[in-house]
Amino acid sequence: MKSLFFVICILVLLHAAGHVESSRRHRDDRRQASSYKLFVFGDTFVDNGNTDKQALTWWTRNWYKPYGVSDANHDNSPTGRFSDGKVQSDFLAMILGHDESPAPENMRRGDDDDDDSFGMNFAAGFSNAKAINTTASEFSAQIGRFRRLLKHGIISRDINQSVALVAFSGYDYTYIPHKDTDRHGYTNFIDDVTESIANGVSDIKELGVTKVLVNMLQPMGCSPRFTRTANNYTECIKSEITDIHNKKIKEKLGSEDSVLLLDLYTTFNQIIHPKSGTGFVHRHLPCCESNEAGGYCGQVDSWNGEELFQVCDKPDKYFYWDEYHPTQAGWKAVMDKLEDSIKEFLDIDS
Ligand SMILES: *[C@@H]1O[C@H](CO)[C@@H](O)[C@H](O)[C@H]1NC(C)=O
Ligand SMILES: *[C@@H]1O[C@H](CO)[C@@H](O)[C@H](O)[C@H]1NC(C)=O
Ligand SMILES: *[C@@H]1O[C@H](CO)[C@@H](O)[C@H](O)[C@H]1NC(C)=O
């Protein structure tokens with residue numbers, strides 16, 4: 001009897017030891033979050049300073065107050081981000097164990113001492129995904145710069161553990177051609193835009209990036225720029241463009257193992273329309289509002305310097321910062337919801 005008990009004890013111990021061993025092995029197999037490199041492509045949702053600072057306009061307001069006002073890591077000053085603080089690329093970087101997005105590509109010029117070992121951010125301003133007229137900022141141009149830096153070894157070619165974020169928020173659709181008169185042309189145009197995104201993703205993978213995160217479109221009809229004039233910030237309006245775009249993105253990229261679609265449509269909606277009463281006090285109203293519907297956050301009268309906008313006291317109570325972009329708190333809420341699926345996709349510990 002005693003010896004049977006002894007044998008059972010041994011078996012239990014062996015089993016436990018084996019269990020410890022296999023869970024340790026499992027942990028070693030998983031990747032270190034901080035060993036990932038990150039390359040960012042896209043527009044104002046992820047730009048961290050690639051547009052040049054020029055005289056204040058709608059296009060350059062990201063370099064002027066009150067942009068950056070909540071950004072404690074940067075003296076509460078503007079950094080070229082379209083937010084009161086961090087943006088989506090910063091929160092992804094934090095999931096990967098860093099403080100903020102990799103440096104903007106723009107900053108690298110003329111300063112070869114920069115440490116780009118974490119990666120690089122190519123996203124710029126109001127970029128289009130689809131090339132219309134070759135401009136410096138559209139997706140293919142951003143990829144072109146990435147390709148060149150890789151070729152010249154300025155970005156190390158050792159990118160076999162790397163992730164790209166592709167974040168286009170819909171500037172292609174600012175002036176959608178023939179929207180009301182030509183339905184066929186209109187859906188074809190959305191097809192071209194989503195095809196450009198899919199082609200870009202494929203180019204990025206060919207260059208050696210192993211995993212790609214691709215934003216689906218946020219509910220564009222919830223943007224304050226539309227709800228202001230439609231209903232004084234009380235409800236989202238329908239956006240057929242968003243629906244068609246997201247359906248096509250799913251068709252083109254949804255089945256690829258190396259691609260994770262980030263469903264900003266559902267995530268924004270969950271935050272703007274929460275099931276319970278918790279969440280942001282202000283879900284439609286922007287923290288920083290221009291006096292005129294056609295104006296912008298940060299706008300000042302060029303004659304007398306008078307501010308032509310109002311900014312709220314507590315940006316963290318607002319989901320939207322300006323007429324289009326989430327606050328830092330808004331982006332945090334969005335990325336908190338996506339964090340688990342991103343970690344699972346990248347095979348890193350949560
Ligand atoms: C593209 O360039 C052509 C010729 O330079 C110009 O006529 C057209 O307006 C431009 N389109 C856009 C969307 O900028
Ligand atoms: C990634 O590249 C490094 C250095 O080139 C190499 O040592 C490593 O084995 C590679 N890892 C994989 C998974 O290919
Ligand atoms: C919009 O709503 C605010 C309060 O929510 C109100 O003070 C304002 O008068 C409204 N504006 C218009 C144009 O209805």
Side-chain angles (χ1 to χ4, degrees), residues 43-45 56-62 64-71 76 78 81-88 91 126 169-171 173-176 179-180 217-243 264-337:
D43 60 27
T44 56
F45 269 27
L56 174 64
T57 63
W58 166 281
W59 312 99
T60 60
R61 59 191 149 127
N62 50 323
Y64 292 85
K65 282 181 182 298
Y67 285 82
V69 68
S70 312
D71 195 344
N76 302 88
R81 288 167 173 81
F82 283 83
S83 160
D84 59 320
K86 295 190 178 81
V87 293
Q88 188 189 9
F91 287 103
F126 302 84
S169 68
Y171 293 112
Y173 304 126
T174 307
Y175 304 106
I176 189 161
K179 180 172 179 331
D180 301 316
L217 271 190
Q218 73 286 0
M220 284 211 287
C222 297
S223 304
R225 76 184 288 183
F226 300 116
T227 60
R228 176 178 192 157
T229 44
N231 53 45
N232 193 19
Y233 308 117
T234 49
E235 57 182 336
C236 301
I237 58 173
K238 224 184 122 35
S239 163
E240 197 187 15
I241 294 173
T242 308
D243 297 342
L264 295 193
Y265 187 83
T266 304
T267 312
F268 274 49
N269 261 324
Q270 284 170 347
I271 293 168
I272 295 169
H273 306 113
K275 288 237 164 62
S276 68
T278 58
F280 289 93
V281 177
H282 301 286
R283 297 163 191 151
H284 292 283
L285 186 69
C287 167
C288 185
E289 188 191 24
S290 57
N291 295 352
E292 304 288 333
Y296 55 89
C297 170
Q299 188 174 21
V300 298
D301 187 307
S302 52
W303 289 108
N304 59 19
E306 184 197 343
E307 292 187 346
L308 303 176
F309 62 94
Q310 313 285 329
V311 62
C312 71
D313 287 337
K314 297 198 166 96
D316 60 338
K317 305 279 184 225
Y318 289 72
F319 179 64
Y320 283 108
W321 163 246
D322 61 12
E323 85 296 339
Y324 199 67
H325 307 100
T327 53
Q328 166 173 276
W331 274 125
K332 179 176 189 312
V334 169
M335 293 305 279
D336 278 353
K337 284 188 184 294

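Scope of the values below: all heavy atoms of this structure, side chains included, with no hydrogens, waters or symmetry mates. Every number for a ligand or one of its atoms is a count from 1 in the order of the listing.
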Any protein heavy atom < 4.0 Å from atom 4 (C) of ligand 3: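 Within 4.0 Å of atom 4 (C) of ligand 3, no protein heavy atoms are found.
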Sub-4.0 Å protein heavy atom near atom 9 (O) of ligand 3: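 Protein heavy atom within 4.0 Å of atom 9 (O) of ligand 3: absent.
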Aromatic ring pairing Phe126/Trp59, orientation class (parallel under 30°, perpendicular over 60°, tilted between):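 Ring orientation, 0 to 90° scale: perpendicular.
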More than 12 heavy atoms of other groups within 6.0 Å of Asp313 CG: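 Open.
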Identity and separation of the nearest protein heavy atom to atom 14 (O) of ligand 3: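 That would be Asn232 ND2, 3.3 Å.
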Cys312/Cys288 sulfur gamma separation below 2.5 Å: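 No; the two sulfurs sit 2.5 Å or more apart.
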Side chain to side chain, Cys222 and Phe319, heavy atoms closer than 4.5 Å: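 They are not in side-chain contact.
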